[in-house]
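Note that these values count all heavy atoms, side chains included, but never hydrogens, waters or copies made by symmetry. Just so you know, ligand 1 is whichever comes first in the structure, and atom 1 is the first atom listed for that ligand. In this text the structure is predicted, and so the values were computed from the model without any measurement.
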Amino acid sequence: MSNLSKYQTGKIPTWCSGCGNFLLISGLQKCFADQNIDTENIVAVYDIGCAGNMADFIHAYGLHTLHGRVVPVAMGVKLYNPKLTVLCIGGDGGIYGEGLNHLITAARANIDLKVFVSNNFLYSLTTGQTSPTTPYQAKTKSTPQGSPLIPLRAIELIKKVNPKVFAKTATNQKPKELFAKIKQAMEFKGFALLDIETECVAFGKQLKQ
Ligand SMILES: Cc1ncc(C[n+]2csc(CCOP(=O)(O)OP(=O)(O)O)c2C)c(N)n1
Ligand code: SF4
Ligand SMILES: [Mg+2]
């Protein structure tokens, strides 16, 4: 078994061909392999949504939680056993929408969680409704005349909440840089949020109309 395949379940991901989540999972598995983390010491906590479906594809301990509740569940795991490497994986809808208060709480307390947000600017699993990061006036299934809201700038918000934490943006357009930032987030001692901007190939086109 190669060092990398140790972190793979062998299940074929159900994401659309070209989905940015393929790059995120590859970056995470490569980072686990480079750091040679034992699968039994990783607990990945997943939100609900396309990104959250990564639960089936990473071989480690995993908890597939409720929409927006990934951070408090992960906090509980980390506080109970601080030796574990605890990750949160989810989308912009779950982590910046229903779960935003939890994200702020974890950042304020600088809980040592690694939060990876697959930010596709939409609720994708539910077929393309507006999320907190949908660009102003962009059309979505739930805002056919354009989103009337100013998008949330999560990285700026989290930095204001606690300037000591790691909070950075990455993009799927630059895979090498993305992999480097995943590594930085994983190595950071304390709360880390990596916002990964990505295009949903199934529903993202409507944002550009
Ligand atoms: C409490 C709760 N609210 C709403 C839903 C319905 N729901 C499932 S996935 C989803 C949107 C997911 O969007 P996001 O978190 O951005 O993930 P993506 O699918 O875009 O990766 C919603 C609203 C749910 N399952 N549970
Ligand atoms: S709907 Fe979008 S986010 Fe979901 S799997 Fe397809 S491309 Fe990825
Ligand atoms: Mg989303």
Residue part near ligand 2, for T14, under 4.0 Å between non-hydrogen atoms:
neither

Is it true that L122 lies under 4.0 Å from ligand 1, counting heavy atoms only?
yes

Could you list the atoms of ligand 2 found under 4.0 angstrom from a heavy atom of N120?
3 (S)

Check the pair L122, K141 against side-chain contact (heavy atoms from CB on, under 4.5 Å), reporting the backbone distance first and the verdict last.
CA-CA 10 Å; L122 287 169; K141 196 171 263 186; over 6 Å; no

Could you name the option among S124, G94, G93 that has the heavy atom nearest to atom 20 (O) of ligand 1?
S124

Which atoms of ligand 2 sit under 4.0 Å from any heavy atom of F203?
1 (S)

Please indicate whether any nitrogen or oxygen in T126 is less than 3.5 Å from any nitrogen or oxygen in ligand 1.
no

Quick one, I58 with Y46, criterion side-chain contact (heavy atoms from CB on, under 4.5 Å). Give me CA distance, side-chain angles, the key distance, then yes/no.
CA-CA 11 Å; I58 288 185; Y46 303 90; 3.4 Å; yes

Could you go step by step and tell me if L63 and V77 meet the side-chain contact (heavy atoms from CB on, under 4.5 Å) rule?
CA-CA 10 Å; L63 284 153; V77 173; 3.8 Å; yes

Which atoms from ligand 1 have a heavy atom of G49 less than 4.0 Å away?
9 (S), 17 (O), 19 (O)

Please identify which atoms of ligand 2 are closer than 4.0 Å to at least one heavy atom of V201.
7 (S)

Out of all atoms in ligand 2, which are within 4.0 Å of some heavy atom of C200? Include the element for each.
1 (S), 2 (Fe), 3 (S), 7 (S)

Carefully, step by step, assess T85 and K114 under the rule side chain to side chain donor-acceptor pair (under 3.5 Å).
CA-CA 8 Å; T85 298; K114 313 301 163 207; over 6 Å; no

Relative to the ring of F188, is the ring of F166 parallel (under 30°), tilted (30 to 60°) or perpendicular (over 60°)?
tilted

Per-atom contacts of ligand 1 with C50, taking only distances under 4.0 Å to non-hydrogen atoms:
18 (P), 19 (O), 21 (O)

Presence of N, O or S from C50 under 2.8 Å of atom 6 (Fe) of ligand 2
no

Ligand 1 to N120 polar contact by distance, N or O atoms, under 3.5 Å:
yes

Side chains of Y96 and D195, donor plus acceptor under 3.5 Å
yes

Considering S118, G68, G91, A51 one by one, which has a heavy atom nearer to atom 21 (O) of ligand 1 than any of the others?
A51

Just go through M54, Q129, H67 and tell me whose heavy atom is the nearest to atom 12 (C) of ligand 1.
H67

Among T198, N119, N120, N21, whose side-chain hydrogen bond (donor to acceptor under 3.5 Å, both in side chains) with N172 holds?
T198

Just checking, any donor-acceptor pair under 3.5 angstrom between side chains of T126 and Q129?
yes

Salt bridge between K78 and D112, side-chain N to carboxylate O under 4.0 Å?
yes

Ranked by distance from atom 13 (O) of ligand 1, the top protein heavy atom is Y123 CA, 3.4 Å

In sequence, state the C-alpha distance, the side-chain angles, and the governing distance for L4 and Q29, and then conclude on side-chain contact (heavy atoms from CB on, under 4.5 Å).
CA-CA 6 Å; L4 197 62; Q29 287 166 329; 4.1 Å; yes

Report yes or no: does E98 have a heavy atom closer than 4.0 Å to ligand 1?
yes

Number the atoms of ligand 2 from 1 as they appear, then name those within less than 4.0 Å of a heavy atom of C16, with their elements.
1 (S), 5 (S), 6 (Fe), 7 (S)

Are T143 and S147 close enough that a side-chain donor and a side-chain acceptor fall under 3.5 Å?
no

Using a strict 4.0 Å cut-off to heavy atoms of A202, name the atoms of ligand 2 that fall inside it.
1 (S), 7 (S)

Should K181 and E177 count as an ion pair when the cut-off is N to O under 4.0 Å?
yes

Distance to 0.1 Å, residue and atom name: give those for the protein heavy atom nearest to atom 25 (N) of ligand 1.
I48 CG2, 3.8 Å

Kindly confirm whether atom 2 (Fe) of ligand 2 is within less than 2.8 Å of some N/O/S atom in C19?
no

